[in-house]
Participant: 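Below is a structure I'd like to ask you about.
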Amino acid sequence: MTVLEGARERRVHTGGIELCVAELGESGRPTVVLVHGYPDSKEVWSEVAPRLAERFHVVLYDVRGHGRSTAPRPLRGGFTLEKLTDDFLAVIDAVSPDRPVHVVGHDWGSVQSWEFVTVRRTEGRIASFTSMSGPSLDHFGHWIDGRLKRPTPRRVGQLLGQGAKSWYVYALHTPVLPELAWRGPLGKRWPRILERVEKVPGGDYPTSSLPRDAAHGAWLYRDNVRARLRRPRPDAHAHAPVQLITPLDDAFLSERLYDDLDRWVPRLTRRTIPAKHWIPRTRPDQLTAWITEFVRTVEDGGPEKVKPTGRYADRFGGQLVLVTGAGSGIGRATAFAFAEAGARVVAVDRDAEAAARTAELSRLIGAPEAWAETVDVSDEQAMEKLADKVAAEYGVVDVLVNNAGIGLGGSFLDTTPEDWRKVLDVNLWGVIHGCRLFGRQMAERGQGGHIVNTASAAAYQPSRALPAYSTSKAAVLMLSECLRAELAGQGIGVSAICPGFVNTNITSTARFAGVDAEEEKRRQKRTARLYGLRNYPPEKVADAILKAVVRNQAVVPVTPEARGARLLSRLAPRALRAIARLEPPL
Ligand SMILES: NC(=O)c1ccc[n+]([C@@H]2O[C@H](COP(=O)([O-])OP(=O)(O)OC[C@H]3O[C@@H](n4cnc5c(N)ncnc54)[C@H](O)[C@@H]3O)[C@@H](O)[C@H]2O)c1
């Protein structure tokens, strides 16, 4: 039984083999062909295919010897890249005879698709290729050659690193053993291994054909790997634009393998994703977004447009990012930085006009889509409504930035319960609501994500000038650390950002306890002047926020004074306590 609900099936005959081909979506639309890897069948795409079928004509087939396609006889010599290319051509002749197709390959599906996109006989038949976790054997051969010929310590390290990850390739070259292992304990335990080690959700994985598929698939390695690595083709240049998606925690392939790829691919788009090897099953939303964007851009004319701009475009393109307090300062700069990286942005602020402006500019800067939402983050019900609306209309958020915050100065004895409530409601409760509502959606989706909370250097630097504000930020820091521990197992990172003095509007809106309105105005002006003199731009904090997500950093002090205070808080807390006693300069 297929798990691809609603798929239309047909059999395609080629070179004595019968291939099982499934189609979804309207056939008049651009055709996307999904090629599975080892040891899989086309069902590995069961999460991605229906999502893509909303916009494209999606075609999947069981590679020869796998799933419900027949196997060659004899097996030896039946799985060469030439024969796999014959199969591919037979499939596209059947499903899209007049229009080039967009190929997407994972693992061995990607290895063979590299062959398709670099041999002459498919020229003009492939519009684009999206590759995941499966290099070209020719490029790999040249990569090894290059490192053997000029063995610097770094290059030898790269060789050894990939060598250690390739243990299974050597194992698969041994005769009979792999077949026995797959028919025996490995075959039985495979779904559990995928679930535990690779974090692939269990359930509908079709295991019945697994031992046979895996035993056949061993010939993919035996028929091709040694021969190609020894004598890689010198002219293996891609004749279509390529999108390379690299999972950063792939146990089988090193990222370094793709260092030289620009040499072979004139029109290359790189993407990275913090995930393990089986991304078609663990990250279907992100893959669908990237494939959709890539295919559309190629269809709309021009691979030139495919390359996203912005420093982190390879990571955030197409992702859904929600920023609170996005109407001004750090939040606005953060929304813009994500927009530049090609993310879809939801700008949230209690100031409707400011949020709308940020959304509008985000679109101009590079966000494919951007929306403004007017919400007070301290309002529990409003935040619940926002979370429901975002999930229903825009999707599950990939990156959440809980940034909205307000300032409050003045001594503890001057701070009224009402003052406390205001600052804790926004600075702490706002963050709690965000984490609780959007964090749950991320966890339930099961495809990872990241939460950034804007704390402050005040979180670890005591001062007699800001007791309430500092307390709220210390709570945000600890909340972030606890949540980070809780969500780590689900691939969701949590970062606390701790800036020092940043030149934003916060100084002119900050409240001061225990003084009259006139004195408050005077202090606001004075602080604004001091922060202006310091002049640390919010854009730098935004950059640190994106970097924190990319590197999954726990606590990020930004600005030299914030880094210094962090160091003192650990090495010389007494010194920090002494500084805390100094009369504030306001
Ligand atoms: N500026 C600094 O020196 C500095 C230093 C450390 C930490 N921070 C923190 O950075 C974050 C951003 O501050 P900023 O400096 O960019 O300030 P800012 O005043 O320029 O921007 C804050 C934005 O948050 C919005 N906001 C305030 N309360 C809100 C609420 N209840 N609901 C929704 N939106 C709300 C405001 O309308 C404003 O657009 C805050 O959490 C702040 O505490 C700032």
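Both counts, for ligands and for their atoms, begin at 1 and track the order of listing. All heavy atoms count here, side chains included; hydrogens, waters and symmetry mates do not.
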Participant: Check each protein residue for a heavy atom under 4.0 Å from ligand 1 and list those that pass, ordered by chain and number.
Facilitator: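 Answer by chain and number: Gly325, Gly327, Ser328, Gly329, Ile330, Asp349, Arg350, Val375, Asp376, Val377, Asn403, Ala404, Gly405, Ile406, Val426, Thr454, Ala455, Ser456, Tyr469, Lys473, Pro499, Gly500, Phe501, Val502, Thr504, Asn505, Ile506, Tyr531.
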Participant: Please step through side chain to side chain contact (heavy atoms under 4.5 Å, CB included) for the pair Leu248 and Glu255, ending with a clear verdict.
Facilitator: CA-CA 7 Å; Leu248 297 173; Glu255 295 159 63; 3.6 Å; yes
Participant: Going by the rule ring-ring contact (aromatic ring centres under 6.0 Å, His included), which residues pair with Tyr536 if we only count those two or more places apart in sequence or in a different chain?
Facilitator: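 Partners of Tyr536 under the ring-ring contact (aromatic ring centres under 6.0 Å, His included) test: none.
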Participant: Can you list the residues that meet the ring-ring contact (aromatic ring centres under 6.0 Å, His included) rule with His277, with sequence neighbours excluded?
Facilitator: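 With sequence neighbours excluded, His277 shows a ring-ring contact (aromatic ring centres under 6.0 Å, His included) to His106, Phe252, given in chain and number order.
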Participant: Are side-chain heavy atoms of Pro573 and Leu568 found at a separation under 4.5 Å?
Facilitator: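 Result no, sub-4.5 Å side-chain heavy-atom pair not found.
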Participant: Name each donor-acceptor pair under 3.5 Å that joins a side chain in residues 456-464 to protein atoms two or more places apart or in another chain, with its distance.
Facilitator:
| residue | atom | partner | partner atom | Å |
| --- | --- | --- | --- | --- |
| Ser456 | OG | Ala458 | N | 2.9 |
| Tyr460 | OH | Ala562 | O | 2.8 |
| Ser463 | OG | Ala465 | N | 3.2 |
| Ser463 | OG | Leu466 | N | 3.1 |
| Arg464 | NH1 | Arg581 | O | 3.0 |

Participant: For the pair Gln441 (side chain) and Ala387 (backbone), establish whether a donor and an acceptor sit closer than 3.5 Å, ignoring hydrogens and angles.
Facilitator: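 Judged by distance alone, yes, a pair lies under 3.5 Å.
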